[in-house]
J.: 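Pasting in a structure now, in C-alpha cells, and then I'll have a few things to ask.
Each ligand, and each atom within it, is numbered from 1 in the order the structure gives. Because the structure is predicted, anything quoted here is derived from the model rather than measured.
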Amino acid sequence: MTKTLARKAVRRGKMGEKGGKGEKGGKGKFVYLFGAKTDGNGGMKPLLGGKGANLAEMCRIGLPVPPGFTITTEVCTYYYEHKRTYPAALKPQMGAGVASIERQTRKKFGDLNNPLLVSVRSGARDSMPGMMDTILNLGLNDQTVDALARKTGNPRFAWDCYRRFVQMYGDVVLGVQKRAGEDHEPFETAIEGLKHERYHQDIEDTKLTVEDLKELVTRFKALVKERVGREFPSSPWDQLMGAVGAVFGSWMNDRAIVYRRKYNIPTEWGTAVNVQAMVYGNTGDKSGSGVAFTRNPANGEKEFYGEFLINAQGEDVVAGVRTPEPVVELKKQMPKAYAELERIRQTLEKHFKDVQDFEFTIEDGVVYMLQTRNGKRTAMAALKFSMDMCREKLIDWKTAVMRNPADQFEQLLAPVFDVREVKSAKAIATGLPAGPGAASGQIYLNADRAVAAAEKGQPVLLVRVETSPEDLRGMIAAEGILTARGGVSSHAALVARQMGKVCVCGASAIEVDYATRKVSVDGQTFAEGDWMSIDGTAGKVYAGRVKAAPSEIVAGLINNDEAAKKTEKFRSFQQLMKWCDQATRMGVRTNADTPEQAANAIAFGAQGIGLCRTEHMFFEGDRIDAMREMILAETLEERKAALAKLLPYQRDDFAGIFRVLNGHPATIRFLDPPLHEFLPQTEHQQADLAKKLGVPVSRIHSRVEQLHEFNPMLGFRGCRLGIGYPEISAMQARAVFEAAAIVQKEGIKVHPEIMIPLVGFKKELDLQLDAVHQAAREVQAERKVKLNYMVGTMIEIPRGALMADEIAQSAEFFSFGTNDLTQTALGMSRDDSGSFLPQYAELEIIKKNPFATIDVAGVGQLVDIAVKRGRATRKDLKLGICGEHGGDPDSVRFFHQVGLDYVSCSPYRVPVARLAAAQAALTSKM
Ligand code: ADP
Ligand code: MG
Ligand code: MG
C-alpha cells in the first residue's frame with residue numbers, strides 16, 4: 001500500500017473524534033521518542049496513550065526515566081483496519097527509535113558484548129490496569145544472555161532475566177497459557193516441578209540458582225515448542241515485532257473488551273505501545289521494584305503509600321508471588337533511594353497537581369521512574385484530596401469541585417457499620433482496608449457462582465485467595481471483596497478503588513479452599529452461602545451479618561446527629577456542596593411523593609419537588625378501596641361519590657408536602673398510569689374485593705377485561721384519563737388548592753405547579769387547564785385566598801416535543817419526562833428491554849443504557865427542539881427534567897448544556913446531581 005492510502009486510512013479511523021489523535025500521524029510520524037530528546041508531552045494521551053504521554057512529561061520535568069519510544073495509537077487503528085498489518089513507515093521509524101535508545105544507554109540491541117534489553121508495554125488513553133500485558137527483558141537469547149552475564153558479572157541476574165523473558169513472551173505473545181480444565185499456568189507448573197524435584201519444597205524464586213534458572217529456560221522453551229509447534233524466536237527484532245503485535249492484539253482480548261464496556265471506553269481509541277530500555281530491579285539486594293501513591297488512595301490521608309519488593313522486577317510486585325513491604329520501610333533499608341523517592345513524590349504532586357500513582361525500579365541504589373498517572377481513588381479519598389489540596393493551594397476551589405467524580409459520589413452516602421454493633425462483634429481477621437465502607441453478604445469463592453447468586457438477589461461477598469482480571473464479573477456483582485493475599489497494589493485493591501467496592505485484602509489469617517469451597521479462619525469454617533461481613537474502612541473481617549448504620553453524611557443531614565456533623569467527612573461534604581452552589585446554574589429538585597421523602601431531599605439540598613406522582617398516594621391503607629370504587633363506578637354520580645372519598649386523603653398529603661417544602665415549589669403530576677394497575681388481578685383478590693365493596697364479582701371481572709390493553713404504555717393513560725373522566729382531574733385540582741389554602745393560612749408560602757402528563761396536542765392540555773382553573777377559582781372564592789400556582793405539562797412523547805411552540809401557548813412550564821420520552825422515541829419498552837439490551841451493548845449498537853444515561857444524539861434532539869420551540873413562544877418558560885436521568889451525571893451535563901432550569905431526581909441522588917450540575921457549569925466556562 002502507498003503512503004497516501006495509509007494516511008487516508010488512518011484519517012478515516014479517527015473521524016468524528018474531537019480533540020482526538022493528532023494531525024502529525026497523518027504525515028506518517030508513528031514513533032515518538034522520550035529520553036534525552038522527547039517528542040511528546042503529557043497532553044498527548046489520545047495519540048501516545050496515558051503511559052507514553054506521561055513518560056514523556058516526566059522526561060520533560062527532569063525525572064529519571066529510562067529512554068525509549070512510543071508507537072502511536074494511530075498504528076493500532078491502522079492495524080485493525082488493515083488485516084493486522086502495519087504502515088510501511090513504522091519499521092524504519094522503530095529502527096531509528098532503537099538506535100536512539102542505544103546511543104543513550106551505550107548498549108546495543110542484540111549485541112554480544114553489551115546487549116540492550118527493552119520492555120514492551122501497552123498504554124491506552126485511559127489506563128486499563130491489568131488488562132494488557134507487558135513483556136520485560138526483550139532482546140535476550142542464548143548468546144546475549146551470556147554477554148549480559150559477563151558484562152554485569154552477575155550470571156544469576158542474567159539468567160533470571162532470561163527465565164522471566166521466555167515465560168512472559170511465551171505467555172503473552174505465543175499464547176502458552178493454562179488450558180480449559182487446568183488450574184495453574186503451565187510455566188508456573190514447570191517452576192514448581194523443578195523446585196520440588198531439586199529442593200522437595202516450595203522455595204522463593206530468589207533462591208533459585210543459575211543452574212536452576214538455566215534448566216528452567218530449557219524446559220520453558222521445550223514447553224513452547226510442544227505447545228506452539230515452533231522454536232522460541234531468538235532474533236531480537238523478531239521478538240520485538242512479535243511483542244508489538246501482541247500488544248496491539250491484546251486490545252481485542254476478552255478482558256480488555258469487558259473492561260472497556262464497563263468503563264465506556266470506545267474501541268476506536270486503540271492502544272499505544274511503549275518500547276523502553278530495561279532497568280533492573282533484580283540485580284541483588286541493592287535493587288527492587290515498587291508502586292506507590294503520593295497520598296493514600298483509600299482514605300485520602302496525606303502519607304506516602306505503596307509497597308516494594310527487594311531484588312525483583314516490577315511484575316512480581318503486582319503478581320503476588322512474594323508479599324511486598326510498605327514503601328516507608330525503604331527508609332531503613334535504602335535511605336538514599338527513599339530520600340530520592342520522597343523528592344520525586346513532591347515533584348510529581350507539584351507538577352501534576354493531583355495525586356499520582358507511580359511505578360519505580362531501583363537498580364543498584366538508583367531510582368528510575370517507569371510510570372505515573374492520576375491515582376484512582378475512592379470517593380472518600382477524592383473528597384479528602386480535594387479539600388486538602390485546596391487548603392495547600394495546589395488547586396483552587398473550582399478544581400476541587402471537579403476532582404470529585406460524580407459517578408462515584410454516592411459511595412459517600414453508603415452505610416457504614418453501626419459503631420455499637422462493631423464494638424460487640426469480634427473481628428475474626430484483619431487485612432488491608434482497601435475499599436472503605438461496610439458490606440455483609442453470603443460468601444462465594446468463584447466469580448461465576450458469585451454472579452449467579454447475585455442474579456438471584458443475594459448480597460454476595462466474593463472471597464478469594466487473590467483476584468485476577470478473570471474475576472472481574474464476580475467482583476462487579478459482589479457487595480464486597482475479601483482476599484487472603486495481596487497488598488495495596490493487588491488486583492483486588494485496584495478494582496476496589498476504581499469501582500468503589502468495599503474491600504479488605506491480604507487478610508492472611510483466612511484460609512480459602514477452592515476444592516471444598518470453604519473458608520476457615522479463627523477456628524470457624526464458612527461454606528458458600530454463609531454470611532460474613534467486612535469493614536473496608538478499618539480492614540476488619542466479621543463472622544455473620546453485622547448491622548450497618550447510615551453514613552456520617554446521612555446521619556448528620558437526615559437524622560440531625562450532632563456527633564456525625566463533627567466528623568471530617570461531614571464537614572468536607574458540606575464545604576463541597578457550598579462550592580457546588582457557587583458554581584452551578586441549574587437547580588436540583590427531587591422526585592418525592594411523601595413529606596418524608598421531600599424532607600430528606602431538602603436536607604440533601606433539593607430546592608423543591610420536580611415530580612410528585614399522585615397515584616402513589618392511592619395505594620396506602622384503605623385508599624385503594626375508594627380508588628377501586630371509583631374505577632368500578634358505572635355512573636358519573638357513583639364515580640363522584642368515590643372521588644369525594646379520595647379528596648381528603650389527597651388534600652392531607654399535599655398539605656403535608658407543602659409544609660415540609662416551606663415555600664419551595666412542588667410540581668404535582670396528575671393521575672398517569674392506566675387504571676387496570678389499580679385493580680386486583682388474581683381471582684382470589686377479586687373475590688375479596690367484591691365482598692368488601694358488596695358488588696358481584698362478575699362486575700369486577702368484566703371491568704378488568706374492559707380495561708385490558710394490548711399495549712398499556714401507549715394506551716388509556718396520562719392526560720387521556722383526565723380527558724375521559726374530567727371529574728378525576730377536578731378532584732385532584734381541588735385537593736391541591738384546598739391544601740394550598742390551608743397551608744398558606746398557616747403562614748407558609750406555597751407554590752404548586754400542576755403538571756398534566758403525556759400531552760402531545762395543545763388541545764389535550766387546554767381541556768385539562770379548564771378543569772384546573774375552575775377548581776382554582778372555586779377554592780379561592782370559597783376560602784377567600786389568593787393562590788399562586790402554575791400549570792404546565794410533561795414533555796414525554798415525541799409529538800409533544802415537536803409541537804412545543806404550540807403547547808407553550810398554554811403551558812407555563814415543561815418538565816421532560818425522559819423515561820417515557822426515551823421509550824417512545826426509541827420505540828423501546830424499558831421493562832422489556834432486558835432481553836435485547838445486553839446484546840446491543842455487546843455489539844456496541846448503543847454505548848450506554850439509554851434508560852440510565854440519556855441518548856443525547858437521538859432523544860437529546862427532541863429535548864433540544866422542545867426547549868428552543870417552547871422558549872420561542874414563551875420566553876420565561878420554566879424547564880426541568882424529572883426522569884431517572886435527572887440523577888445521572890452524564891445526562892445532567894447534557895441538561896445543563898441544553899439550557900434547562902433544573903433537574904429532578906430521587907432524594908438520595910440529590911447530592912450527586914448537585915455535584916454534576918456544578919461540574920457541568922464549570923466545564924462549560926472552562
Ligand atoms: P501495567 O500497565 O500493567 O502497569 P507496565 O507496562 O507498567 O504494565 O509494566 C508493569 C511493570 O513492569 C512496571 O511497573 C515495571 O515495574 C516493569 N517495567 C516495565 N518497563 C520496564 C523497564 N523498562 N524497566 C524495568 N521494569 C519495567
Ligand atoms: Mg504499570
Ligand atoms: Mg411518563
Side-chain angles (χ1 to χ4, degrees), residues 34-35 48-55 58-59 64-71 97-98 101 104-105 107 109 116-140 157 160-161 164-165 167-169 171-172 240 243-244 246-247 250-251 253 255-256 259 271-283 287-293 306-321 324 327 356-364 366-376 468-469 489-491 493-495 498:
F34 56 85
L48 303 180
K51 202 179 287 170
N54 273 355
L55 283 169
M58 285 197 291
C59 288
V65 177
F69 59 85
T70 304
I71 304 172
V98 169
I101 304 177
Q104 294 176 68
T105 57
K107 297 176 182 173
F109 200 43
L116 166 71
L117 306 190
V118 295
S119 66
V120 177
R121 322 167 60 186
S122 65
R125 189 187 301 198
D126 276 359
S127 71
M128 292 173 55
M131 291 296 128
M132 319 281 275
D133 298 296
T134 297
I135 296 140
L136 302 180
N137 311 315
L138 186 141
L140 282 173
F157 151 73
D160 186 46
C161 290
R164 289 166 183 273
F165 171 57
Q167 179 172 353
M168 282 183 178
Y169 198 92
D171 172 357
V172 177
L240 182 56
V244 169
V247 174
S250 70
W251 181 247
N253 74 23
R255 276 174 1 197
Y259 187 94
T271 180
V273 183
N274 299 290
V275 178
Q276 186 179 29
M278 282 298 299
V279 286
Y280 306 103
N282 57 333
T283 61
S287 301
S289 290
V291 298
F293 284 81
E307 54 198 13
F308 75 100
L309 270 178
I310 292 283
N311 196 9
Q313 287 199 334
E315 294 290 326
D316 302 349
V317 184
V318 277
V321 239
V327 76
Q356 295 296 297
D357 162 3
F358 64 96
E359 302 177 3
F360 62 93
T361 280
I362 304 171
E363 179 181 324
D364 298 323
V366 182
V367 176
Y368 292 95
M369 290 295 289
L370 292 167
Q371 187 174 333
T372 192
R373 60 187 173 212
N374 293 337
K376 291 265 154 58
S468 68
S489 52
S490 67
H491 181 258
L494 210 104
V495 172
Q498 203 156 351

J.: With only distance considered, is Leu136 within less than 3.5 Å of ligand 1 through an N or O on each side?
T.: no
J.: Below 4.0 Å, non-hydrogen atoms only: which portion of Leu370 touches ligand 1? Side chain, backbone, both or neither.
T.: side chain
J.: Under 4.0 Å, counting heavy atoms only: does Ala277 come that close to any atom of ligand 1?
T.: yes
J.: Given Tyr368, which partner from the list Val65, Ile362, Val279 fulfils the side-chain contact (heavy atoms from CB on, under 4.5 Å) test?
T.: Val279
J.: Checking Asp160 now: which residues fulfil salt bridge (Lys or Arg N to Asp or Glu O under 4.0 Å) with it, not counting sequence neighbours?
T.: Arg163, Arg164
J.: Under the rule for ring-ring contact (aromatic ring centres under 6.0 Å, His included), what residues qualify as partners of Phe157, not counting sequence neighbours?
T.: Tyr280
J.: Would you name the heavy atoms of Ala243 and Leu138 that are closest together and state the gap between them?
T.: CB-CD1, 3.7 Å
J.: Can you tell me if Gln371 contacts ligand 1 (heavy atom of the residue under 4.0 Å from the ligand)?
T.: yes
J.: Within the 3.5 Å criterion, strictly below it, is a donor on Thr283 or Asp364 matched to an acceptor on the partner's side chain?
T.: yes
J.: Test side chain to side chain donor-acceptor pair (under 3.5 Å) on Gln356 and Asn54 and set out the steps.
T.: CA-CA 11 Å; Gln356 295 296 297; Asn54 273 355; 4.7 Å; no
J.: Atom 22 (C) of ligand 1: which of Gln313, Arg373, Met278 has the nearest heavy atom?
T.: Met278
J.: Out of Leu138, Asn137, Thr134, Val275, whose heavy atom sits nearest atom 9 (O) of ligand 1?
T.: Thr134
J.: I want to know if ligand 1 touches Glu359 in the polar sense, i.e. an N/O pair below 3.5 angstrom.
T.: yes
J.: Would a distance-only check, ignoring hydrogens and angles, find a side-chain to backbone donor-acceptor pair under 3.5 Å from Ser289 to Ala312?
T.: yes
J.: Not counting sequence neighbours, which residues clear side-chain hydrogen bond (donor to acceptor under 3.5 Å, both in side chains) with Gln276? List them please.
T.: Arg121
J.: At their closest point, which heavy atom of Val98 faces which heavy atom of Phe109, and how far apart are they?
T.: CG1-CB, 3.9 Å
J.: Can you check the number of protein N/O/S atoms within less than 2.8 Å of the Mg ion (ligand 2)?
T.: 3
J.: Does any N or O of ligand 1 fall below 3.5 Å from an N or O anywhere on Ser119, backbone included?
T.: yes
J.: For the backbone of Ile135 and the side chain of Ser119, can you confirm whether one donor and one acceptor N or O come within less than 3.5 Å of each other?
T.: no
J.: What atoms of ligand 1 come within less than 4.0 Å of a heavy atom belonging to Lys51?
T.: 1 (P), 2 (O), 5 (P), 6 (O), 7 (O), 8 (O)
